[in-house]
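A quick write-up on the structure given underneath.
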Amino acid sequence: MTIAKIRRLSSTGPVARLVWIAAYLSVTLAALMSTYFFPALHSLLLASKEQRFPAAIGDLGGAQQQQIHGRDPMKWTWEEAPLHFFRGTKQDSSSSLDKKLWKHPPNRGFVPCVLPSRKYKASKGPSRGFLVVQSNGGLNQMRAGVMSYCWELVTCFDSFVFSCQICDMVAVARILNATLVIPELDKRSFWQDSSKFSDIFNEDYFIEALEQDVDIVRKLPKEVADLPKSRKQFRSWSNVKYYEEEIAPLFDEYQVIRAVKSDSRLANNGLPADIQKLRCRVHYDALRFSSRIEEFGKMLVDRMRMHGPYIALHLRYEKDMLAFSGCTHGLTQDESDELADIRESTAHWKVKIINATEQRAKGFCPLTPKEVGIFLQALGYPSATRIYVAAGEIYGGNERMQELQARFPNLMRKETVATPAALAQFSRHASQMAALDYIMSVEADVFVPSYSGNMARAVEGHRRYLGHRKTIIPDRKALVDLIGKTESGVLEDSELSKRIIDIHKRRQGAPRKRKGPVVGSKGKDRFRTEEAFYTNPLPDCLCNKNSDDDNASSQQHTNYTIDALLFGGQG
């Protein structure tokens with residue numbers, strides 16, 4: 001401002017002088033902010049928007065705009081995450097204690113080792129005929145399932161049959177030199193799900209990935225669809241000799257063999273190495289989820305990780321689970337009576353009267369939400385830990401979750417990570433919803449199952465295959481005893497934490513060989529009690545990259561990357 005201007009201002013009235021000065025300062029301030037402040041603020045807002053509003057799955061039926069993994073084009077739209085997803089404290093994982101809580105166990109050099117040997121032939125000549133399969137049960141019964149919707153407890157352990165139905169049927173088709181028809185999924189099971197194979201799995205990739213192993217067609221050709229078929233229930237836990245000598249001759253009379261039941265048709269052990277590796281290739285590579293499920297699952301994972309690492313908690317505390325197991329600890333008398341009525345009225349549940357106290361003392365009951373909270377807190381996880389709850393409807397609803405929520409406020413589910421509108425495409429399909437939970441559990445920084453059910457075992461095995469990711473398996477029998485002593489005042493809280501940490505040092509998913517049959521078991525019980533390969537893929541699906549033996553050195557383990565094996569593509 002010049003001296004002449006100041007002199008002119010002094011001759012004007014005080015009001016006019018104040019107006020002029022205010023205007024001058026406003027213009028100067030605006031110039032400064034436009035030059036220095038607003039660009040930085042604009043960049044900050046853009047970065048915040050990109051972090052808070054990641055791309056979500058929208059209309060999948062429109063124009064194809066973006067190539068995913070070089071294969072499956074999909075249309076992307078912007079979908080805002082639920083507002084409550086962003087509430088809560090960002091987790092501080094900078095301390096050495098926190099880093100130890102999230103650190104995976106040493107994998108001791110074990111890597112995926114599933115390629116066929118030099119003796120394995122890509123083709124066995126012309127197909128003998130067609131093998132038609134109907135998978136029974138829900139997602140994990142189909143992918144790596146059991147004969148019935150059953151859980152591990154003393155009253156039904158004998159009826160447990162572990163398997164990988166689709167994996168087994170691909171291997172059987174290879175043994176028989178038969179053409180496999182894309183499996184039909186069970187629409188009459190507990191799940192009541194109308195999904196087709198292609199709704200859950202990437203059908204094109206399934207066929208492509210196995211083209212060197214087995215001929216696969218989407219449906220029976222018209223010329224053979226109406227011909228007589230041999231309906232056959234294959235013998236459980238059979239070896240190669242059974243299929244070559246008893247099943248293969250059926251093709252002399254029939255062109256089509258229909259497998260009435262497809263679970264537990266191959267033994268877990270004692271098979272040729274190349275047949276075992278084929279099952280591994282099916283389970284951990286060929287059976288990829290559909291692009292729609294895969295990409296939505298990846299979006300959920302990315303959102304959970306925005307605030308740091310997360311735990312996936314498979315919380316088995318649904319009404320049917322408790323009714324079947326007879327576990328009633330912490331329930332009201334009315335709730336206990338309701339569960340007993342359900343068990344009594346369900347015809348195929350053979351055991352009607354169960355001593356709930358004995359069940360819990362022996363470790364045959366799922367942990368309650370409260371016990372899970374005590375367990376995670378005792379391990380040292382801070383209250384700010386983000387926990388993804390993979391579960392159905394919890395019996396008792398929000399009231400039963402209160403004590404877990406009080407210890408860990410940041411409990412998330414599909415419905416809180418994504419909006420109802422985004423989830424609508426999956427919500428009426430139980431197997432597709434389970435597939436999202438499966439992805440969230442496999443990809444979690446830590447996985448904790450409250451009970452060793454079908455999905456928990458499948459997730460545990462998949463995490464072992466992908467580098468032995470941290471999977472904490474609660475010792476339910478010991479926990480029930482310790483928590484009981486604490487509540488009765490016999491054990492101090494500090495001692496409880498020390499004991500729980502000590503017990504679970506060797507229960508975090510480190511490499512170990514698959515368990516054999518229970519000592520003393522005979523006949524079919526020996527096969528029933530063996531640990532399934534999909535629960536623990538060592539040694540059939542893994543080998544040590546540092547080993548000098550021919551089996552390890554012949555495997556191209558660098559062809560498989562951890563993210564590629566779940567989300568598609570090979571590195």
Side-chain angles (χ1 to χ4, degrees), residues 51 54-57 68-69 72 81 85 91 93 101-105 107 111-112 139-140 143-144 200-202 205 283-315 376 381 385-391 410-418 422-423 426 431-450 454-473 508-509 534-535 537 541 560-571:
Q51 183 186 37
I57 304 302
I68 306 297
H69 300 316
D72 300 305
F85 175 67
Q91 186 175 312
S93 58
L101 289 172
W102 300 104
K103 185 179 180 181
H104 298 309
N107 65 20
V111 293
L139 171 71
N140 297 296
R143 184 186 179 99
I200 301 173
F201 301 110
N202 188 326
Y205 186 79
H283 189 56
Y284 295 116
D285 181 33
L287 273 178
R288 292 181 181 171
F289 291 121
S290 66
S291 297
R292 186 169 60 98
I293 291 174
E294 189 177 80
E295 292 302 319
F296 199 92
K298 191 174 190 302
M299 179 199 71
L300 296 179
V301 171
D302 290 342
R303 284 185 174 176
M304 282 300 298
R305 288 219 175 105
M306 282 167 52
H307 295 274
Y310 74 94
I311 294 173
L313 169 63
H314 189 224
L315 188 59
L376 294 177
Y381 287 96
T385 300
R386 300 177 72 79
I387 299 177
Y388 178 85
V389 181
N410 292 323
L411 295 182
M412 314 300 293
R413 300 183 67 143
K414 293 183 293 294
E415 295 79 7
T416 51
V417 182
L423 276 173
F426 308 106
S431 289
Q432 295 180 44
M433 292 286 273
L436 295 175
D437 278 345
Y438 186 90
I439 290 173
M440 293 295 287
S441 298
V442 171
E443 284 294 300
D445 299 275
V446 175
F447 175 64
V448 178
S450 68
N454 305 331
M455 179 171 171
R457 294 167 193 256
V459 169
E460 178 188 354
H462 210 141
R463 290 174 66 85
R464 287 180 177 277
Y465 186 78
L466 298 179
H468 289 87
R469 297 173 174 180
K470 191 166 190 173
T471 301
I472 307 176
I473 307 297
Q508 303 196 16
Y534 73 82
T535 302
C541 312
Y560 296 87
T561 64
I562 285 178
D563 286 337
L565 287 165
L566 185 61
F567 287 131
Q570 291 187 4

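Treat the numbers as computed from the prediction; the structure is a model and nothing was measured.
A ring-centre distance under 6.0 Å is not found for Tyr534 and Tyr284. In this structure, Tyr465 has its ring center at least 6.0 angstrom away from the ring center of His283.
With respect to Thr471, the side-chain hydrogen bond (donor to acceptor under 3.5 Å, both in side chains) criterion is satisfied by exactly one of Gln508, Arg463, Arg464, His104: Arg463.
Under the 4.5 Å side-chain criterion, counting only non-hydrogen atoms from C-beta, Val446 is in contact with Trp102. Contact annotation: the side chain of Leu300 never approaches that of Asp302 to less than 4.5 Å [non-hydrogen atoms, C-beta and beyond]. You'll find the side chain of Met304 reaches within 4.5 Å of the side chain of Val417, heavy atoms only.
For the atom pair Ile311 CD1 and Met412 CE, the distance stands at 14.0 Å (nearest 0.5 Å). Taken to the nearest 0.5 Å, the CZ atom of Phe426 stands 5.5 Å off from the CG atom of Leu436.
Salt bridge Lys298/Glu443: absent, no basic N to carboxylate O contact under 4.0 Å. Look at Arg305 and Asp445 and you find a salt bridge, because one of the NZ, NE, NH1 or NH2 atoms lies within 4.0 Å of a carboxylate O, short of that distance.
Looking at Tyr381, its side chain does come within 3.5 Å of a backbone N or O of Leu101 through a donor-acceptor pair. With hydrogens and angles disregarded, no donor-acceptor distance shorter than 3.5 Å links the side chain of Arg288 to the backbone of Asn202. No donor-acceptor distance shorter than 3.5 angstrom exists from the side chain of Thr416 to the backbone of Lys414, with no hydrogens or angles considered.
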**OP:** Dump the intermediate steps for side-chain contact (heavy atoms from CB on, under 4.5 Å) on Leu376 and Thr385, then the final yes or no.
**Re:** CA-CA 10 Å; Leu376 294 177; Thr385 300; over 6 Å; no
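For the pair Arg386 and Tyr310, the cation-pi criterion (under 6.0 Å, within 45° of the ring axis) is not fulfilled.
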